[in-house]
Protein chains: 2
Amino acid sequence: MSNLLTTSDEILASALTLIMSGGYNGFSYADIAGVVGIRKASIHHHFPSKVDLVRTLVKQYRKDAEVGVAALEQGVQDPLELLKAYAGHWARCIEDSSRPFCVCALLASELPALPPEIAEEVKAFFRFLSTWLTSVMDRGSREGALNLSSQPRVEAEAFMASVHGAMLSARAYGTPEVFPAILAPTLQRLSPTVAQ
Amino acid sequence: MSNLLTTSDEILASALTLIMSGGYNGFSYADIAGVVGIRKASIHHHFPSKVDLVRTLVKQYRKDAEVGVAALEQGVQDPLELLKAYAGHWARCIEDSSRPFCVCALLASELPALPPEIAEEVKAFFRFLSTWLTSVMDRGSREGALNLSSQPRVEAEAFMASVHGAMLSARAYGTPEVFPAILAPTLQRLSPTVAQ
DNA sequence: CCCTGTCTACCTTCTGGTAGGGAGGCTGTC
DNA sequence: GACAGCCTCCCTACCAGAAGGTAGACAGGG
């Protein structure tokens with residue numbers, strides 16, 4: 001049953017969980033070893049250094065996000081529904097505590113103290129997310145499916161900031177409901193059907 | 001010349017700077033000792049443990065914020081101007097790199113891994129900020145000085161989330177201008193003079 | 001036979017923290 | 001005024017444990 005995942009996948013998965021709770025400096029190889037049920041030295045076989053491990057992790061996290069977004073766009077066309085799906089994804093993650101925080105958002109807060117290779121990957125994630133959201137905003141604006149009050153780029157950045165800030169608040173208050181509560185008015189304002 | 005600040009103030013100040021860049025686990029007593037020009041052991045005289053130090057720091061940070069907000073409300077009455085002043089404060093801090101991130105926002109992201117005493121102080125900061133912003137939103141709504149589309153409490157949380165998220169983006173992109181760019185449309189939307 | 005993956009054992013450096021001593025300043029008492 | 005005592009602050013020296021990381025051996029499979 002543990003063969004469904006390779007050891008290195010298990011290492012990455014537990015590192016993800018650990019980073020999500022305490023950031024880059026908040027976990028150690030010993031912590032991972034404890035979770036995976038392996039010795040510290042064995043982790044070095046898969047990832048020679050901590051920087052290797054986290055760089056791989058963030059890179060894969062971004063690729064997963066790219067795949068997820070592509071799949072989402074296959075199933076959903078309406079721009080507003082795309083934004084709702086994105087927000088909804090995080091609402092569920094926060095609700096069931098499975099992935100209560102975006103790893104890249106957390107790492108971004110530690111950026112100045114991060115090894116440069118990792119910092120670069122984190123920045124790339126932000127650029128990707130921003131690019132995607134901008135494209136959604138842009139299309140929504142042209143199609144009349146979104147009610148924008150600024151340029152698509154600015155709306156995209158503002159939306160992303162709301163999502164990240166709402167994650168932070170949900171964590172600070174310890175109440176998951178605060179996340180959708182914060183996002184709801186933002187989504188409603190973007191909706192063309194209730195334009196004032 | 002170094003007597004303008006007591007040693008313990010210097011310790012707190014350098015700890016503040018260090019936390020702002022790398023979070024709770026991103027600095028050590030040795031780092032502070034290096035900055036202040038004192039030995040590690042001497043820090044323990046002022047703050048017996050790291051938890052003591054950071055708890056004191058966050059508590060003082062909140063009190064400073066309370067004083068700052070009280071002073072601001074003395075000088076500024078208009079709710080919209082209060083929100084602009086708050087955003088402007090952070091815009092300047094980010095611009096000149098003096099305090100490019102809110103310590104409590106950063107610590108909130110690490111909350112699950114923080115010593116409980118510190119976590120409690122961080123939560124108290126969020127409650128304070130939220131209460132103040134809610135009072136501003138509420139008054140603005142009643143006076144017609146703000147154009148709210150949701151309840152004051154929700155608008156306050158959304159505004160706070162925008163500020164925190166915008167801080168994160170400014171850090172991630174490494175471009176300070178992104179902060180005011182994100183906040184501008186939010187402030188404009190709250191403005192009664194341009195209500196649609 | 002080699003390659004992969006794990007192990008034990010070990011290293012160095014850093015971590016927060018402690019013990020104890022010395023210099024200097026204040027204060028009370030003779 | 002002198003001096004003892006104490007208090008504050010900083011020091012050197014040390015500690016145990018945790019950090020990331022290395023070396024080398026062993027087991028099993030292709």
Side-chain angles (χ1 to χ4, degrees), chain A residues 1-58 106-107 110 112-119 121, chain B residues 1-58 103 107 110 112-119 121:
Chain A
M1 57 192 254
S2 67
N3 250 358
L4 296 172
L5 283 168
T6 66
T7 303
S8 73
D9 284 341
E10 282 189 78
I11 293 170
L12 285 169
S14 67
L16 186 76
T17 307
L18 288 163
I19 290 186
M20 236 157 20
S21 91
Y24 183 75
N25 290 307
F27 79 101
S28 73
Y29 269 37
D31 295 326
I32 296 177
V35 174
V36 176
I38 212 180
R39 297 299 154 135
K40 253 183 16 167
S42 306
I43 303 174
H44 286 279
H45 171 74
H46 299 276
F47 305 97
S49 76
K50 193 178 181 181
V51 170
D52 288 313
L53 169 58
V54 179
R55 201 199 317 116
T56 308
L57 179 91
V58 177
L106 205 160
L107 291 177
E110 302 180 291
L114 246 39
E117 306 97 308
I118 297 173
E121 290 296 334
Chain B
M1 55 191 248
S2 67
N3 250 358
L4 296 172
L5 283 168
T6 66
T7 303
S8 74
D9 284 341
E10 282 189 77
I11 293 171
L12 286 169
S14 67
L16 185 76
T17 307
L18 289 163
I19 291 186
M20 236 156 20
S21 92
Y24 183 75
N25 290 306
F27 80 101
S28 73
Y29 268 40
D31 295 326
I32 296 178
V35 174
V36 177
I38 212 181
R39 297 298 155 136
K40 250 182 25 168
S42 306
I43 302 173
H44 286 280
H45 170 74
H46 298 277
F47 304 97
S49 77
K50 194 177 182 183
V51 171
D52 288 312
L53 169 58
V54 179
R55 201 199 317 116
T56 307
L57 180 92
V58 177
V103 161
L107 290 177
E110 302 181 291
L114 245 38
E117 306 97 307
I118 296 172
E121 291 295 334

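To find a chain, count down the sequence lines: A is the first, B the second, and so on, and within it residues start at 1. Atoms considered below: every heavy atom in the structure, side chains included; atoms not considered: hydrogens, waters and symmetry mates. These numbers come from a predicted model, not from an experiment.
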* Respond yes when some side-chain nitrogen or oxygen of S42(A) is under 4.0 Å from OP1 or OP2 of dG5(C), and no when none is. => no
* **Min side-chain heavy-atom separation I32(B)-L53(B) under 4.5 Å** => yes
* **Bounds of contact between DNA chain D and chain A, in 5' to 3' order, using a heavy-atom cut-off under 4.0 Å** => dA19(D) to dA23(D)
* Would you say H45(A) reaches dG5(C)'s phosphate, i.e. side-chain N/O to OP1/OP2 under 4.0 Å? -> yes
* Return the residues of residues 17-25 of chain B meeting this criterion: a heavy atom under 4.0 Å from some atom of DNA chain C. Order them by number, or give none. => none
* Asked: Can you name the side-chain contact (heavy atoms from CB on, under 4.5 Å) partners of P112(A), sequence neighbours left out?
  -> S21(B), R171(B)
* Asked: Is there a residue in residues 27-35 of chain A whose heavy atoms reach under 4.0 Å of DNA chain C, and which residues are they?
  -> none
* All side-chain contact (heavy atoms from CB on, under 4.5 Å) counterparts of V51(A), not counting sequence neighbours -> Y24(A), S49(A), R55(A), P115(A), E117(A), I118(A)
* To do: For residues S14(A) and V36(A), report the shortest heavy-atom separation together with the two atoms involved.
  => OG-CG2, 3.6 Å
* Can you find a donor-acceptor pair, distance only, under 3.5 Å between K50(B) side chain and dG17(C) base? -> no
* Asked: Can you tell me how far CG of L12(B) sits from OG1 of T6(B), rounded to the nearest 0.5 angstrom?
  -> 8.0 Å
* Structure fact -> Those residues at least two apart in sequence (or on a different chain) that pass side-chain contact (heavy atoms from CB on, under 4.5 Å) with H44(B) are Y29(B)
* Structure fact -> F47(B) atom CZ is separated from dT18(C) atom P, nearest whole Å, by 16 Å
* To do: Considering non-hydrogen atoms only, spot the tightest contact between T7(B) and H46(B) and give its length.
  => CG2-NE2, 3.7 Å
* Nearest heavy-atom pair of G22(B) and E110(A): which atoms, and what distance? -> O-OE2, 3.8 Å
* **Atom pair distance, as rounded to whole Å: CD1 in I43(A) and P in dT8(C)** => 13 Å
* Structure fact -> Nearest heavy-atom approach of A33(A) to K40(A) is CB-N, 3.8 Å
* d(NZ, K40(B); P, dG17(C)) in whole Å -> 10 Å
* Asked: Whole-Å distance between dT4(C) P and I38(A) CD1?
  -> 16 Å
* Structure fact -> Scanning both residues in full, the closest heavy-atom pair of L114(A) with L107(A) reads CD2-O, 3.5 Å
* Asked: How close do A15(A) and F27(A) get, heavy atom to heavy atom, and via which atoms?
  -> CB-CE1, 4.5 Å
